Amino acid sequence: MQTLTLTRPDDLHLHVRDGAAMGSVVNHTASQFARAIIMPNLKPPVVTTDDAIAYRERILSAVDEKYQFEPLMTLYLTDNTSISEVKKAADSECVKAIKYYPAGATTNSDQAVTDIKKTYDTLEAMMKQGLLLLVHGEVTDNNVDVFERETVFIDKVLTPLVNEFSELKIVFEHITTKSAVDFVMQAGNNIAATITPQHILLNRNDLFKGGLQPHHYCLPVLKAEENRQAVLAAAISGNPKFFLGTDSAPHSKTAKETSCGCAGIYSAHIAIELYAEAFEAAGALEKLEAFASHYGADFYGLPRNTDKLTLVKQEQTIPEKFSFGDDELVPFRANGTCAWQLKK
Ligand code: NCD
Ligand code: ZN
């Protein structure tokens, strides 16, 4: 049977929520990843270092003691994030980055940044303190077509930002387009990007295959096939600017299967297996380890993990649902299969 042994990977973009819901999902991640960058878009959001420290403790208490898992924390950038908070975060050891959501761009982003220029003093302080800026790269203008919002963001927001702060380390999160790939490739070494499993496995036809598919709806929304191919090519390129970030984003079945469904795909239960499938289909399995386990840690200035994880090429069946606090969660590939599984 074919096996693949990797340095244990890190997930550089993850939502675990809070409370009982968190308890239902975090061990999927802890069973395969050594560390994860935890997104701060809780209700209310994680805006201070003290919030992040408390949230980290709650995550650690929810992790099964058989796993050695380290949550790496982020703060949620607002128009008012102060320079003293940036210093506190940088001194904390546990906060690694600050997340910039354009206000209204996605789940729980209504208290986020209304105009990035309002945060320029904060960004200056982050650059000096060596904190990373993580970017949800979509404009929120309703006059811009939803499939073009990432590309327009590059021109309107990201390019001026990168020009202004040439030394700030920026991760362009969950990229979905050829224009984002091209932008990252031509930018300086302080610019990198995360890539999700869904954006290399699916295209926008998968939103409508046989009827509306709410469990394939996430933000940024799935794009056309040529964009999927460009993002996949970046993932398997061996370019260290592109690394793994699942953006696994659990929402209850009730919140997804409704007349106004939430954005987010839950992939943590088979995250590394999905990337293995995509890399294998592209004939690039040998590129998976660096993408999943080296480049992200290197960009964040973290030591690489030393222990290993082994995958086996053996089909697994995905459950129809998981429990999710007092509700249920429909996972990616529910009732379907995945070609790989973790070695038991
Ligand atoms: C994320 C969520 O639900 O928190 N949703 C998503 O579709 N990716 C937010 C985000 O990362 O945009
Ligand atoms: Zn996300």
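Predicted model only: the values in this text are computed from it and were never measured. FYI, side chains are in, hydrogens and waters are out, and symmetry mates aren't considered; it's all heavy atoms of this structure. Start at 1 and go down the list; that is how both ligands and their atoms are numbered.
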Worksheet item: For ligand 1, which part of Arg17 has a heavy atom less than 4.0 Å away: the side chain, the backbone, both, or neither?
Response: side chain
Worksheet item: Nearest protein heavy-atom contact for atom 9 (C) of ligand 1: which residue, which atom, what distance?
Response: Thr106 OG1, 3.2 Å
Worksheet item: ligand 1 and Gly264, any nitrogen or oxygen pair closer than 3.5 angstrom?
Response: yes
Worksheet item: Of all N, O or S atoms in His15, which has the smallest distance to the Zn ion (ligand 2)?
Response: NE2
Fill in: Protein residue, atom and distance nearest to atom 5 (N) of ligand 1, heavy-atom basis
Ala263 O, 3.2 Å
Worksheet, complete the sentence: In ligand 1, the atoms that come under 4.0 Å of a heavy atom of His15 are 1 (C), 2 (C), 4 (O), 9 (C), 10 (C), 11 (O)
Item to complete: Would you mind listing which atoms of ligand 1 come within a distance below 4.0 Å of any non-hydrogen atom of Leu219?
Response: 6 (C), 7 (O), 8 (N), 12 (O)
Response to the item:
Any heavy atom of Ile265 under 4.0 Å from ligand 1? The part involved is neither
Fill in: Heavy-atom gap Glu138 to ligand 1 smaller than 4.0 Å
no
Worksheet entry | 4.0 Å heavy-atom contact, Met39 with ligand 1 | no
Practice prompt. Please could you name the atoms of ligand 1 that His13 approaches to less than 4.0 Å, counting only its heavy atoms?
Written response: 11 (O)
Practice prompt. On the 0 to 90° scale, with breaks at 30° and 60°, tag the Phe172-Phe183 ring pair as parallel, tilted or perpendicular.
Written response: perpendicular
Response to the item:
Atoms of ligand 1 under 4.0 Å from any heavy atom of His136, numbered from 1 in the order shown, are 12 (O)
Worksheet item: Hey, is ligand 1 close enough to Asp247 that some N/O pair sits below 3.5 Å?
Response: yes
Fill in: Those atoms of ligand 1 less than 4.0 Å from some heavy atom in Ala249
1 (C), 2 (C), 3 (O), 5 (N)
Worksheet item: Side chain or backbone of Glu173 under 4.0 Å from ligand 1, or both, or neither, by non-hydrogen atoms?
Response: neither
Worksheet item: Are Arg35 and Asn305 side-chain neighbours, meaning at least one heavy-atom pair lies under 4.5 Å?
Response: yes
Worksheet item: Just wondering, do Ile318 and Gln316 contact through their side chains at under 4.5 Å, heavy atoms?
Response: yes
Worksheet entry | His174 backbone or side-chain N/O/S under 2.8 Å from the Zn ion (ligand 2) | no
Worksheet entry | Side-chain donor-acceptor pair present, His216, Arg204, cut-off under 3.5 Å | no
Worksheet item: Can you find an N/O atom of Tyr217 closer than 3.5 Å to an N/O atom of ligand 1?
Response: no
Worksheet item: Is the shortest heavy-atom distance from the side chain of Cys262 to the side chain of Tyr217 under 4.5 Å?
Response: no
Worksheet item: Taking C-beta and beyond as the side chain, do Glu124 and Phe165 meet within less than 4.5 Å on heavy atoms?
Response: yes
Worksheet item: Does one hydrophobic cluster hold both Met73 and Met39, with members joined at side-chain heavy-atom distances below 4.5 Å?
Response: no
Worksheet entry | Proximal atoms of ligand 1 relative to Cys218 (non-hydrogen, under 4.0 Å) | 7 (O)
Worksheet entry | the Zn ion (ligand 2) to nearest N/O/S of His13 below 2.8 Å | yes
Worksheet item: Are Asp50 and Lys88 ion-paired here, with the side-chain N under 4.0 Å from a carboxylate O?
Response: yes
Practice prompt. Examine all N, O or S atoms of Asp247, backbone included, and report whether one is under 2.8 Å from the Zn ion (ligand 2).
Written response: yes
Discussion item. Between Leu201 and Leu274, is there a side-chain heavy-atom distance shorter than 4.5 Å?
Written reply: yes
Discussion item. Before we go on, tell me: are the rings of His28 and Phe322 under 6.0 Å apart, centre to centre?
Written reply: yes
Worksheet, complete the sentence: CG of Asn108 to NZ of Lys43, rounded to nearest 0.5 Å, is 5.0 Å
Practice prompt. Look at the rings of His269 and Tyr266 and say which category their plane angle falls in: under 30° parallel, 30 to 60° tilted, over 60° perpendicular.
Written response: parallel
